[in-house]
Every structure is written in structure tokens, then in C-alpha cells.
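Quick caveat: nothing in here was measured; it's all calculated off a predicted structure. Position 1 is the first residue of the sequence; numbering continues from there. Just follow the structure's listing: the first ligand is 1, and inside any ligand the first atom is 1.
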Amino acid sequence: MADYHPMWAELGLNLEAHDALLGVLSTVYGDLYLKQPNRPAGMAYFDFVVSEVHGLRVKELVDHRAQGGKVFGAYCVYVPEEIILAAGGICVGLCGGAEVSIPAAEEILPRNLCALIKSSVGFKLAGLCPYIEVCDLVVGETTCDGKKKAWELLGEYVPLYVMELPQRKEERDYQLWFQEIRAFKDKVEEVTGRKVEPDALREAVVKLNARREALRRLFRARQADPVPISGLDALLIVQLSFFDDPVRFTEKVNALCDELEERIARGEGVMEKGTPRLLLAGTPMAIPNWKLHALIEGAGAAVVCEESCTGTRLLTPPTEVVADGLEAQLEAIGRRQMEVHCACFTPNHERIEDILRLAREHRADGVIVHNLQFCQPFNIEGTKIERALEQAGIPSLRLETDYSQEDVGPLQTRLEAFLEVLRR
Ligand code: BJ8
């Protein structure tokens, strides 16, 4: 890797702490990822992206800004990236998945708040995230209570804009959301100094539909037994979709899928046929949160699907490509987003139907209903999910964890007991 210290210094990072973070990450990545047996050759590209995730990609964003382009940061899949692309901007994900930034966040946020929020805010406060430093606008949303209140504090440190997400899916909620999308378009135009034109928006929709389709293809490959790619690798790819250039990323995922489909045709996999197969349903896992996958696959099972925003909640059907004017295009974007079934919505029975369908499609032997500690929407919804799974005769295990390593022992014990039941 080239020496990016001058760039990081210019961005105002805490160089010493940032070096330490990259050092730890590289060791963890080497242990968890690079030692996996029989990895697809196509993972080499994603290993490269990880090795340059605070380097080359950040440099691309810095260069983009030097040429007058703008960068937007987001914490949620409801932020309409299409509009940002259509105005010549770039959108990056800012969700934190590391424990290291949490102490800084706890200076201003309560300790009993979900790790994703604390880690995200902490990355800014501790000077550890080059992405937030290159953002011209950070976009929050009113999804869960923790997020919407945290934005009030984060807004003291970064230029912040909050989108109001409805909590139900009645027609009037759609109308509210369309208004929010229009207001967001105006904001993006103000920040970029460029009008969102229908042709550019259509092009952006096609681009992001292609990215979702490539990821859907990856997830279809994971339905095979033996599974052709580990859950760890699949999770990583989805996590990187929030950072990488969408066109380049789509090409690389499709190239990897060619390889996976050849593996499937030859009956080859990363684990033996008959390995217990698990679906994970719950809160998102922001990079570098690989904890549950590492434990599950370390215990000899395969994670074959994630029902989460770092999984299938990203892979909704494509946005309709409409020929009519801008207004209809914006509504089509909004309608597609309302197919994302986050626990912040009530009622949210579509999510339960999704989980049952995914368990069938991915031939899951069991489902891990997992939750980030202190995430109330997903935790409470977990009860309904457990009941539905029980009714459908699908074994499930409910796990709650955070980003620390303190609970690894008890988690391992519970997972092994669950796998024992599945094997029997
Ligand atoms: S659409 S899942 S990305 S909000 S885990 S911060 S809900 S307390 S991340 Fe999410 Fe958008 Fe929904 Fe997806 Fe709050 Fe829960 Fe923390 Fe969460």
C-alpha cells in the first residue's frame, strides 16, 4: 500500500490511533479471511479493496472533490443514492462496526445505546474515519430513536441533513416519503450545484439496479449445497458495496458469480455437502463486524444468507425504470425503498414472510435471530419471528451481542449446542 499518511493528516485523522486501527484490522482480516480454505479466486479483488479501504478509495473521493464533485455519507439503505449519483455525487456508507471508536462516543452518548450508533459517531469523534472527513453532507434518518437523537449531537461536528422516514406503509406514508425524497433532491442540488435531470437519474437507477442484481446473483449461488462461498466472504462483499465504485463493484461481483456458478456445476463448495446451513436474521453488520459469522463458521456450520441491511434487505426488486418525467422517477425510487422491511416499521409482517421464504430458498436447517444489544425494534420483533419460525417447524436460536469479544465464550457454547440439535 502506498503511504497515505499525508492525505490522512490533511483530513485531520488521529494518525497514531488510525495506524493502530489499521494494524489490528489487518491482523484480524488475515486470520479470519485469508486463512479460509478453498476461497474463490475472485475474492482477490475484494481482499485488495479491504487492503486499500482507507487508502486508494479515499484518494478517489479526495480526487473527485478536487474536480468539483461532492461526497455524501449515509447510515441507512433508505437514503436514495440514485439522486446523489444523478447529481454527479458519490455516496458512501458510514456505519461503524468496530469497538475501538465506542469509548469516544460514550463521552456524549449513553452507554446503553446500540453499538452501531456509538461506533459510527465515535469514528468521527476519535478521528478514525477518513470517509466522514471527505463528506460534503452526512445524511441521517429518523429510523430508530437512537439514531434520530444521535444525529442531533453528531450535527454539532459535521454538516448533517436528516430524512424523515415514515413508520408505517399506508398510502399517506408513501406520500410523506415522496415529499422527503423531493426535499432531498433539492438539498442534493444545492450541495452539488447541479440539477438532477431525468436522463441522469434514469442512468443512476440502471446502475444501482445492476449492483443489486449482481448481489442477488451472489445470494442465489449461496442456495447451492455445497455452498460455493463462505458466509464470511459473502458478508464482506455486501459490506464493501457501501464503499466501492458501483460500476466497478458490479463487474467484480458478476465475475465472481461466473466462478461460483462453475463451482456449483462441478459440485464444488467451500464446505462439505450436508454442512449445517444457517440463515441469520436481524440487525445489520457494518464492516468490520464479522463476529457471528466467524463463530458460526468456526464451529463448522455455513452461513448461507443474511436477512439484514448487510444482506437481503439491500436486494429488493429493481427500481422501476420509468420513461415519464422526474416526478414519476422519484416516486419509483421511493416505492422500491418501501419494499425494504426494517423493524423500524409497524406493522412489519412482510419481514417475517421474507425470513420464512429465505429459509426455504436457502435450504436453511436453522435460523439465528440475532440482535445488536440495545436495538429495541429488532429485539422486540424477534419474538414474532421466533413464533413464526416455530410454527413453520424451523429451529431457531436467539442471540444478542455487541462488538466486544467478552461474550465470545458463551456465544460459542450456545451455538455449538444449537448445531448439535440440528445435526441430530
Ligand atoms: S433500514 S436496519 S440500515 S435503520 S441496529 S441503529 S435500528 S438501534 S441500523 Fe438500519 Fe436503515 Fe433499518 Fe437497515 Fe437503530 Fe437497531 Fe442500532 Fe440499527
Side-chain angles (χ1 to χ4, degrees), residues 72-81 91-99 101-102 105-106 109-124 138-154 162-169 173 177 180-181 184 212 215 235 238-239 241-243 280-287 289 291-292 306-316 333-334 336-348 350-352 354-355 369-382 385 398-403:
F72 295 73
Y75 295 97
C76 181
V77 299
Y78 286 111
V79 174
E81 187 178 350
C91 183
V92 289
L94 295 176
C95 289
E99 195 187 11
S101 59
I102 288 180
E106 287 178 349
L109 292 171
R111 298 190 76 184
N112 58 349
L113 185 64
C114 104
L116 188 146
I117 301 174
K118 285 193 290 187
S119 176
S120 306
V121 172
F123 265 104
K124 169 63 195 168
V138 172
V139 188
E141 12 59 49
T142 58
T143 42
C144 62
D145 287 352
K147 273 179 153 183
K148 71 184 168 215
K149 297 311 284 183
W151 305 148
E152 293 175 13
L153 292 172
L154 183 64
V162 177
M163 295 189 78
E164 185 179 352
L165 190 78
Q167 312 265 293
R168 293 168 61 87
K169 290 180 181 169
D173 301 303
W177 186 234
E180 280 300 301
I181 291 178
F184 181 66
R212 275 183 223 110
L215 288 172
L235 172 66
V238 175
Q239 289 171 332
S241 72
F242 291 94
F243 297 93
L280 262 61
T283 42
M285 295 170 176
I287 198 166
N289 179 9
K291 183 175 171 180
L292 278 184
E306 299 80 19
E307 185 280 328
S308 83
C309 284
T310 43
T312 55
R313 285 204 294 274
L314 268 184
L315 314 180
T316 51
I333 289 170
R336 202 264 322 148
Q337 288 176 310
M338 292 296 246
E339 298 295 317
V340 178
H341 306 308
C342 172
C344 298
F345 279 87
T346 181
N348 197 27
E350 297 95 335
R351 180 167 171 244
I352 297 170
D354 282 351
I355 293 169
V369 181
H370 69 94
N371 192 52
L372 263 181
Q373 200 180 15
F374 305 121
C375 172
Q376 291 180 344
F378 280 92
N379 198 12
I380 295 169
E381 198 161 276
I385 292 165
R398 203 142 161 200
L399 292 180
E400 187 166 64
T401 184
D402 59 12
Y403 293 169

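Residue-ligand proximity, Arg313 to ligand 1, at heavy-atom distances under 4.0 Å covers atoms 2 (S). Annotation for ligand 1: atoms under 4.0 Å from non-hydrogen atoms of Tyr78 are 1 (S). Listed by atom number, the atoms of ligand 1 under 4.0 Å from Phe378 heavy atoms are 2 (S). Counting the atoms of ligand 1 from 1 in the order shown, those under 4.0 Å from a heavy atom of Thr143 are 4 (S). Atoms of ligand 1 found under 4.0 Å from any heavy atom of Thr283, numbered from 1 in the order shown, are 5 (S). Numbered from 1 in the order shown, with element, the atoms of ligand 1 that lie under 4.0 Å from a heavy atom of Cys342 read 1 (S), 2 (S), 4 (S), 12 (Fe). If you number the atoms of ligand 1 from 1 as listed, the ones under 4.0 Å from a heavy atom of Ile117 come out as 6 (S). If you number the atoms of ligand 1 from 1 as listed, the ones under 4.0 Å from a heavy atom of Cys76 come out as 1 (S), 3 (S), 4 (S), 11 (Fe).
Looking from atom 10 (Fe) of ligand 1 to the surrounding protein, the closest heavy atom is Lys147 NZ, 3.8 Å. Residue, atom and distance of the protein heavy atom nearest to atom 13 (Fe) of ligand 1 are Cys309 SG, 2.3 Å. In this structure, atom 16 (Fe) of ligand 1 lies nearest to the protein heavy atom Cys114 SG, 2.3 Å. From the protein, the heavy atom lying nearest to atom 15 (Fe) of ligand 1 is Cys375 SG, 2.2 Å.
Side-chain contact check for Gln337 versus Ile181: some heavy-atom pair is nearer than 4.5 Å. Taking 4.5 Å as the limit, every side-chain heavy atom of Val77 sits out of range of all side-chain heavy atoms of Arg313. Using a 4.5 Å heavy-atom cutoff, the side chains of Thr312 and Asp354 are not in contact. No side-chain heavy atom of Glu306 sits under 4.5 Å from any side-chain heavy atom of His370. A 4.5 Å side-chain heavy-atom check between Tyr403 and Lys291 finds every atom pair outside the cut-off. Between Leu153 and Val121, every side-chain heavy-atom pair lies at or beyond the 4.5 Å cut-off. For the pair Pro80 and Met163, the minimum side-chain heavy-atom distance is below 4.5 Å.
Cys144 lies close to atom 14 (Fe) of ligand 1, since one of its N, O or S atoms is found at a distance under 2.8 Å.
Not one N or O on the side chain of Thr142 forms a donor-acceptor pair closer than 3.5 Å with the backbone of Lys148.
Between Glu339 and Arg336 there is no salt bridge, since no side-chain nitrogen of the basic residue lies less than 4.0 Å from a carboxylate oxygen of the acidic one.
Closest heavy-atom approach to atom 9 (S) of ligand 1 within the set Pro284, Ala343, Ser119, Ala150: this belongs to Pro284.
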